[in-house]
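Some notes on the structure that comes next.
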Amino acid sequence: NAGVMQNPRHLVRRRGQEARLRCSPMKGHSHVYWYRQLPEEGLKFMVYLQKENIIDESGMPKERFSAEFPKEGPSILRIQQVVRGDSAAYFCASSSSPANTGELFFGEGSRLTVL
Amino acid sequence: AQKVTQAQTEISVVEKEDVTLDCVYETRDTTYYLFWYKQPPSGELVFLIRRNSFDEQNEISGRYSWNFQKSTSSFNFTITASQVVDSAVYFCALSGYHEAGTALIFGKGTTLSVSS
């Protein structure tokens, strides 16, 4: 039973390029969360999605960031026109029920470096 | 607003010492959940425990134990007879039925270093 799969594990982009991070939740999980971890910081909630729906995007920056979780395929976190401040580890987590009632399973993270 | 505070940024101990990691939380919810996660140097996040606000019974799992005290809004984590493999960043987290959603709110983490 594969866990939460994130790819790429490491991504290097130049300023102004686009970054796409993918997350395949655990089998049977329809709740997906994205978190960002800056160096020396804890994890900050970004967005919560269920299949085809954004439930809570209160943690997403207003510009350049978007997320989707289509009916088929992985969840995608997209960062347009990346800047150096976007360098961070991005974690995806999934659960079979909302996070407050079930265990969140985390992926190994995607580490974005912006040059 | 919900908030989790882990006042200890870094702790260093020698193997076999006991160590307690503090976690204090703030919430207006009457129903909420508390979590601890471990992040070893490899970077993944490992779930350790989830407790709901109605269950104040302390829990022990091997060398790990958790002390939940609603009166002081604390959910402390103790490792008994620490080992080098316990070296990691430990995160306390909170979730509740707040208006925007049901995401976990994390503290900034405590880095535990256990030396031999």
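Note on naming: letters A, B, ... go to the chains in the order of the sequence lines (proteins, then strands), and numbering restarts at 1 for each one. Computation of the quantities below employed the complete heavy-atom set of this structure, encompassing side-chain atoms and omitting hydrogens, waters and symmetry-equivalent molecules.
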Would [X] and [Y] show up in the same hydrophobic cluster when neighbours are defined by side-chain heavy atoms closer than 4.5 Å?
{"X": "Y90(B)", "Y": "L94(B)", "result": "yes"}
{"X": "I11(B)", "Y": "V4(B)", "result": "yes"}
{"X": "V13(B)", "Y": "W36(B)", "result": "yes"}
{"X": "L11(A)", "Y": "L77(A)", "result": "yes"}
{"X": "M5(A)", "Y": "V32(A)", "result": "no"}

Evaluate the side-chain proximity of [Y] to [X]: yes if any heavy-atom separation is below 4.5 Å, no if none is.
{"X": "F91(B)", "Y": "L43(A)", "result": "yes"}
{"X": "F47(B)", "Y": "F106(A)", "result": "no"}
{"X": "F106(B)", "Y": "Y35(A)", "result": "yes"}

Filter on disulfide bond (SG atoms under 2.5 Å apart), then keep only pairs touching residues 26-79 of chain B, sequence neighbours left out; what's left?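 The answer is none; no pair qualifies.
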Do any pairs count as a disulfide bond (SG atoms under 2.5 Å apart) and have a residue in residues 2-52 of chain B, sequence neighbours left out, and if so which ones?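 Every pair satisfying disulfide bond (SG atoms under 2.5 Å apart) with a residue in residues 2-52 of chain B: C23(B)-C92(B).
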If you check every heavy atom in residues 71-81 of chain B against those of chain A, which residues fall under 4.5 Å?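 The stretch does not come within 4.5 Å of chain A.
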Give, for atom NZ of K44(A) and atom NZ of K108(B), the distance between the pair rounded to the nearest 0.5 Å.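 Here the rounded value is 6.0 Å.
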Proximity breakdown for Q39(B) and chain A, heavy-atom pairs closer than 4.5 Å: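 For Q39(B), side-chain heavy atoms alone lie under 4.5 Å from chain A.
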When you look at CZ of R9(A), are more than 12 heavy atoms from neighbouring residues, nucleotides or ligands closer to it than 6.0 Å?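 Above 12, so yes.
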Who are the side-chain hydrogen bond (donor to acceptor under 3.5 Å, both in side chains) partners of E44(B), not counting sequence neighbours?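 So E44(B) forms a side-chain hydrogen bond (donor to acceptor under 3.5 Å, both in side chains) with S42(B).
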Select one option (side chain, backbone, both, neither) describing which atoms of E57(A) are under 4.5 Å from chain B's heavy atoms.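 No part of it gets close to chain B.
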Could you report the tightest heavy-atom contact between F91(A) and L45(B), atom names first, then the distance?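 For F91(A) and L45(B), the tightest heavy-atom pair comes out as CD2-CD1, 4.0 Å.
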